[in-house]
Amino acid sequence: MRKHTLATAAFLVFAGSGAAMADDDCHLPMDQWQPREAVQKMAEARGWTVRKIKADDGCYQIKGTDGNGRDIKVKVDPGSLEVIKMKREGQDDNGDEIGRAGQRGPASAATPSNGLFTDQGTPPKVEVK
């Protein structure tokens, strides 16, 4: 009996926390959504160029470019037009910069001033004694 109660309690705790952590969906009835024209104007006011506006997971989703010409994907609340989630080209899902070969960190790193790298594009000189 006790094992059954503990198992049920554990299931309810984990089921509830997983849904709360992963929920970036919108839950507004469509009759309360602002029109697509309002989404377009909001994006243009931010300096974005819109290629596509669609409904996804109950939210508006904008695909386009930002003021710097980088590709963007933005999830917008359909009632308030608040940005819920934004992903730019060169960023992972957490907004961290992605460098070459998918490595995290700055997209372009400066050459260290330790004398190891003297000329960009040439391998370091190694001497084995």
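Numbers here are sequence positions counted from 1. Here the structure is a predicted model, which is why all the values come from computation and not from measurement.
The backbone N or O of Arg70 sits nowhere less than 3.5 Å from a side-chain atom of Asn68 that would complete a donor-acceptor pair.
Counting only heavy atoms from C-beta outward, the side chains of Arg88 and Asp71 never approach each other to under 4.5 Å. The shortest side-chain heavy-atom distance between Met42 and Val76 falls under the 4.5 Å cut-off. Within the 4.5 Å cutoff, side-chain heavy atoms of Val74 are placed close to those of Trp48. Contact of the Ile84 side chain with the Cys26 side chain is registered, since non-hydrogen atoms from C-beta on lie closer than 4.5 Å. Lys75 is listed as a side-chain neighbour of Asp57, based on a closest heavy-atom distance under 4.5 Å.
Sorted by first and then second residue, the ring pair (Phe, Tyr, Trp, His ring centres under 6.0 Å) pairs with a member in residues 68-87 form an empty list; sequence neighbours excluded.
Residue Lys41 holds its NZ atom at 16.0 Å from CZ of Arg46, rounded to the nearest 0.5 Å. The structure places NZ of Lys73 at 7.5 Å from CG of Asp56, a figure rounded to the nearest 0.5 Å. Atom OH of Tyr60 and atom CD of Gln34 lie 8.0 Å apart (nearest 0.5 Å).
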Open item on the list: Apply side chain to side chain contact (heavy atoms under 4.5 Å, CB included) to residues Lys87 and Ile72 and explain how you reach the verdict.
Closed with: CA-CA 6 Å; Lys87 186 176 176 183; Ile72 57 172; over 6 Å; no

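Gly58 and Trp33 make their closest contact through O-CZ2, 3.1 Å (heavy atoms, listed as atom of the first residue, atom of the second, distance). Closest heavy-atom contact between Ile62 and Ala43: CD1-CB, 4.2 Å.
Every residue two or more places apart in sequence or in another chain that forms a side chain to side chain contact (heavy atoms under 4.5 Å, CB included) with Glu44 is listed here: Gln40. Here Thr49 pairs with Thr65 under the side chain to side chain contact (heavy atoms under 4.5 Å, CB included) rule; sequence neighbours left out.
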